[in-house]
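In what follows, a structure is listed as structure tokens, so that the remarks can point back to it.
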Amino acid sequence: MSPSLIVHGGAWDIPDEAVAACQAGCRRALQAGWEILSAGGHALDAIEAAVMVLEDDPVFDSGYGSHLNLDGHVECDAIIMDAATLRAGSVAGLQRIKNPIRAARTVLEKCPHMMLIAEGAERFAKEHGVPLCDPAALISPAEKEAWLQCRQDSHAAEHHRGHEQGTVGAVALDENGRLFAATSTGGTCCKLPGRVGDSPLIGCGCYADSETGGVSSTGYGEAIMKVVMAKTAADFLRPSSSTPMRAAQAAVQLLANRTKASGGLILLDKKGNPGFAFNTPRMAYGFVNPDASFITAV
Ligand code: ASP
């Protein structure tokens with residue numbers, strides 16, 4: 001089987017000045033994941049490597065540089081799902097983990113449960129070798145500045161360089177047919193402490209099924225949850241007349257029709273063919289062509 005990889009850095013009103021950084025971030029994520037997949041490595045290692053690159057990049061809303069909640073703290077959510085077993089590892093409300101996707105992987109591989117939150121999730125991750133960090137280490141100067149402006153004024157997208165979202169995600173298929181999907185986010189800016197969006201919820205922010213494909217969603221979480229967008233997109237891959245692009249478009253169309261909200265998603269069908277769609281002004285994404293060249297776009 002040919003390996004395949006697709007990543008995204010969020011669907012939002014990406015301002016012109018952030019386009020190059022978003023595109024470069026997606027390219028670096030593809031490089032990190034593809035180095036593993038092209039050498040015959042495991043899709044789980046590839047997806048973790050790709051998402052970690054995106055989490056470490058402050059242009060995206062995940063890991064370092066996440067939006068701050070109303071109290072001025074970062075609270076991260078992440079999920080990884082295994083298409084073969086339908087098992088997910090999900091974490092929410094993390095304040096002390098630099099790469100939330102590592103915590104999600106730990107839950108996937110080592111936990112009897114599928115989702116852990118807050119201090120319990122951090123403790124579990126630490127017990128399994130994921131180091132804890134100072135919560136302040138996740139706060140970027142740009143997000144601190146935006147939060148201060150939101151407090152002084154009222155919360156506004158302009159304070160965030162014209163954007164409010166920039167969740168990251170990836171879907172990877174390896175040469176042995178192993179398929180995983182992942183999503184990682186800091187959630188929405190100035191969210192209430194304790195708010196959890198779609199991203200770490202199985203079927204909403206992420207889904208993977210070896211009968212259909214793998215999906216990672218982005219956009220307004222409260223709306224994505226209503227239409228269970230990732231699972232819906234995966235189900236749209238079932239009819240033999242469907243294509244990955246049509247399935248992605250149909251799921252985003254459903255989000256628009258039923259909730260009037262905006263968002264986007266990336267997917268790979270079970271054979272590794274990529275699809276993507278968004279109804280926001282822009283989405284940052286990238287995938288690897290069959291000839292191993294990279295496509296990135298914003
Ligand atoms: N879906 C994320 C959330 O609502 C935000 C995003 O995708 O940018 O937490």
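Just follow the structure's listing: the first ligand is 1, and inside any ligand the first atom is 1.
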Checklist entry - So, does S199 sit close enough to ligand 1 that a heavy atom of it is under 4.0 Å from the ligand? => result yes
Any N or O of [X] that comes nearer than 3.5 Å to an N or O of ligand 1?
| X | answer |
| --- | --- |
| G221 | yes |
| D198 | yes |
| G219 | yes |

Checklist outcome for this item: The option among E75, H67, R195, M225 carrying the non-hydrogen atom nearest to atom 4 (O) of ligand 1 is R195
Checklist outcome for this item: Restricting to heavy atoms, the pick from T167, T218, T183 nearest atom 5 (C) of ligand 1 would be T167
Item to check | In one Ile/Leu/Val/Met/Phe/Trp/Tyr side-chain cluster, 4.5 Å: Y220, V228 | outcome: no
Checklist entry - Can V19 be reached from F278 by stepping across I, L, V, M, F, W or Y side chains whose heavy atoms are under 4.5 Å apart? => result no
Checklist outcome for this item: Note: ligand 1 atoms sitting under 4.0 Å from heavy atoms of G187 are 9 (O)
Next on the checklist: Give the atom numbers and elements of ligand 1 that come within less than 4.0 Å of a heavy atom of G166.
Outcome noted: 8 (O)
Next on the checklist: Do H8 and T218 pair up side chain to side chain, a donor and an acceptor below 3.5 Å, judged on atom types alone?
Outcome noted: no
Checklist entry - Which class fits the ring pair H128 and F124: parallel under 30°, tilted 30 to 60°, perpendicular over 60°? => result tilted
Next on the checklist: Tell me every residue that passes side chain to side chain donor-acceptor pair (under 3.5 Å) with N289, counting only those two or more places apart in sequence or in another chain.
Outcome noted: S293
Next on the checklist: D45: which residues meet the salt bridge (Lys or Arg N to Asp or Glu O under 4.0 Å) condition with it, sequence neighbours left out?
Outcome noted: R105
